[in-house]
Amino acid sequence: MALDAGDTHTMRCFHLEDDNKDDDDHGSETVTSQSQRKVEASIRNCYRDFIISTDINDKPYLLREKHAHYLKRGLQMLSGSYECLDSSRPWLCYWILHALELLGEPIPDDTVSAVSNFLKKCQHPDGGFAGGPGQLAHLAPTYAAVNALCIMKCKEAYNVIDRKSLQSFLERMHQPDGGFIMHEGGELDIRGAYCAASAARLTNISTPEMFKYTPEWILSCQTYEGGFGGEPGLEAHGGYSFCGLAALILLGHERLCDLRNLLRWATSKQMKIEGGFQGRTNKLVDSCYSFWLGGIFPIIHSVLSASGDESLSSESWMFNQQALQEYILLCCQYHHGGLIDKPGKPTDFYHTSYAMSGLSVAQHFAGGDLSHDHIVGAPENSLVHTHPLYNIGIEATIDATSHFKSLGVPS
């Protein structure tokens, strides 16, 4: 269903209070509290601009055509400002292809071939994918490359992946304590466990030895707040919390962590005025956490539902889906195409991809045998449903896992 698309005034932004009576910096203004008030003021301005310019029949629109044009242009040519991402080129492929996938934009055959050929050049002879041709294999671009190839849903893309050498690479990154280093001689953190688990499960190369003690290592990263840090002893963080929970699910050990405490922490990260999520305590809202934190809720819902929790809603996730959609649609769309972190920030492919992923999560509920759409604004704002564990489309996930399952696990 659409969120009463004919009545714009049911939107949350029409009912925000203008005062700051609930703000409390305990009489000690800080750089953090000053920054927070500035962001809140910019968000209120975005909402006011929409309210002033709207009439009873107006509703927020996703600028689909402009976003699609921005993304397609990025696949062909990037500005010099992207030079700093030379070691993240598979990520650029993934962010752009996934955002186009969410928009329902078909990927032409020549683009499939071009991206497949490029990612093949990024594949290291000893397994895994590097951030660019001739670079070291790294778990992060390996995850991005595998996802990008799976999004394209064809044998030409699937066949790029050398599954046997990828299996060997993941096994080499695995450490005796269960954690994963990101590359040879590299750092060990929870991203590695998730990237490895996701790539292994999608391509059907997982073995028991590959993830020995990994669930226990992930559990050691859960903090007193409820979220997960990058490694044991670090602060809870939205991105790391998604990685930790999703990896546990992929490895079949979802009941190990304190789900209730994680749920409490995750719900507290949705901002009262903005409607979007912050990534850590006392940090500012950022649209990328629309997925990194928003994506946690379908996963928790699924686990609790499987355990027979009768208190769960049969219509919505356990966060304010309407508020998140309003934040993305009214505060994070760049009028020339692409999405942004927050008002005043430049557009980029990272935030475009993850803001859209979060928007998809907020729009689509699927609990057990039930499904409900909650589309804020125009019905055509609806995006393709993303898979909360892999963050590629549901259809792409099914197609890829079916293909690689038919090949068996390399031995």
Does a side-chain heavy-atom distance below 4.5 Å link [X] with [Y]?
X: Leu103; Y: Leu71; result: yes
X: Lys153; Y: Tyr158; result: yes
X: Trp317; Y: Val361; result: yes
X: Phe365; Y: Pro298; result: no
X: Cys154; Y: Val112; result: yes
X: Leu166; Y: Asp162; result: no
X: Ile151; Y: Tyr94; result: yes
X: His403; Y: Lys155; result: yes

Around atom CD of Glu395, are there more than 12 heavy atoms from other residues, nucleotides or ligands closer than 6.0 Å? no
What do you reckon, is CG of Asp109 surrounded by more than 12 foreign heavy atoms closer than 6.0 Å? no
Look at the side chain of [X] and the backbone N and O of [Y], then say whether any donor-acceptor pair between them is shorter than 3.5 Å.
X: Thr347; Y: Leu339; value: yes
X: Ser33; Y: Glu29; value: no
X: Ser402; Y: Asp399; value: no
X: Ser113; Y: Asp110; value: no
X: Arg163; Y: Ala200; value: no
X: Ser302; Y: Ile299; value: no
X: Gln270; Y: Phe277; value: no
X: Glu65; Y: His69; value: no
X: Gln222; Y: Ala236; value: no
X: Asn261; Y: Tyr224; value: yes

What distance do [X] atom [atom1] and [Y] atom [atom2] have between them, rounded to the nearest 0.5 Å?
X: Ile218; Y: His253; atom1: CD1; atom2: NE2; answer: 9.5 Å
X: Ile296; Y: Lys269; atom1: CD1; atom2: NZ; answer: 11.0 Å
X: Ile375; Y: Ser382; atom1: CD1; atom2: OG; answer: 4.0 Å
X: Ile161; Y: Cys150; atom1: CD1; atom2: SG; answer: 5.0 Å
X: Leu259; Y: Leu245; atom1: CG; atom2: CG; answer: 6.5 Å
X: Leu304; Y: Leu263; atom1: CG; atom2: CG; answer: 7.0 Å

Begin from the C-alpha positions of Leu359 and Ser290 and carry the test side-chain contact (heavy atoms from CB on, under 4.5 Å) through to its verdict. CA-CA 7 Å; Leu359 185 60; Ser290 302; over 6 Å; no
Have [X] and [Y] got a donor and an acceptor in their side chains that come within less than 3.5 Å?
X: His67; Y: Gln333; result: yes
X: Ser168; Y: Arg172; result: yes
X: Tyr194; Y: Tyr143; result: yes
X: Glu274; Y: Gln36; result: yes
X: Asn391; Y: Thr386; result: yes
X: Glu171; Y: Gln167; result: no
X: Gln321; Y: Gln325; result: no
X: His98; Y: Ser357; result: yes

Please report whether the ring centroid of Phe228 lies less than 6.0 Å from that of Tyr240. no
Which residues pass the ring pair (Phe, Tyr, Trp, His ring centres under 6.0 Å) test with [X], sequence neighbours left out?
X: His138; answer: His183
X: Phe211; answer: Phe180
X: Phe118; answer: none

Check [X] against [Y] and note the closest heavy-atom contact, atom names and distance.
X: Cys257; Y: Leu248; value: CB-CD1, 3.9 Å
X: Val285; Y: Lys342; value: O-CE, 2.7 Å
X: Gly227; Y: Leu262; value: CA-CD1, 3.9 Å

What do the steps show when you test Asn320 against Glu326 for side-chain contact (heavy atoms from CB on, under 4.5 Å), and what is the final call? CA-CA 10 Å; Asn320 191 328; Glu326 289 185 28; over 6 Å; no
Going by salt bridge (charged side-chain N to carboxylate O under 4.0 Å, His left out), name the pairs with one or both residues in residues 275-300, residues two or more places apart or in two chains. Glu235-Arg280
For Phe297 and Thr267, run side-chain contact (heavy atoms from CB on, under 4.5 Å): C-alpha distance rounded to whole Å, both residues' side-chain angles, the deciding distance at 0.1 Å, then the answer. CA-CA 9 Å; Phe297 293 93; Thr267 54; 3.5 Å; yes
Dump the intermediate steps for side chain to side chain donor-acceptor pair (under 3.5 Å) on Lys345 and Ser287, then the final yes or no. CA-CA 11 Å; Lys345 297 290 186 178; Ser287 68; over 6 Å; no
CA sep, side-chain torsions, deciding dist, call: Val146, Leu149, side-chain contact (heavy atoms from CB on, under 4.5 Å): CA-CA 5 Å; Val146 168; Leu149 291 164; 5.8 Å; no
Would you call [X]-[Y] a salt bridge at under 4.0 Å N-O?
X: Lys72; Y: Glu105; answer: yes
X: Glu216; Y: Lys212; answer: no
X: Glu156; Y: Lys120; answer: no

Distance-only criterion, 3.5 Å: show the donor-acceptor pairs between side-chain atoms of residues 81-93 and protein atoms not counting sequence neighbours.
residue, atom, partner, partner atom, Å
Ser81, OG, Ser79, OG, 2.8
Asp86, OD2, Gln135, NE2, 3.4

Identified side-chain contact (heavy atoms from CB on, under 4.5 Å) partner of Ile394 from the options Ile398, Ile392, Thr397: Ile398
Under the rule for side chain to side chain contact (heavy atoms under 4.5 Å, CB included), what residues qualify as partners of Cys331, not counting sequence neighbours? Ile43, Cys46, Tyr47, Tyr327, Pro343
Only residue of Tyr70, Trp95, Tyr334 satisfying ring-ring contact (aromatic ring centres under 6.0 Å, His included) with Phe349 is Tyr70
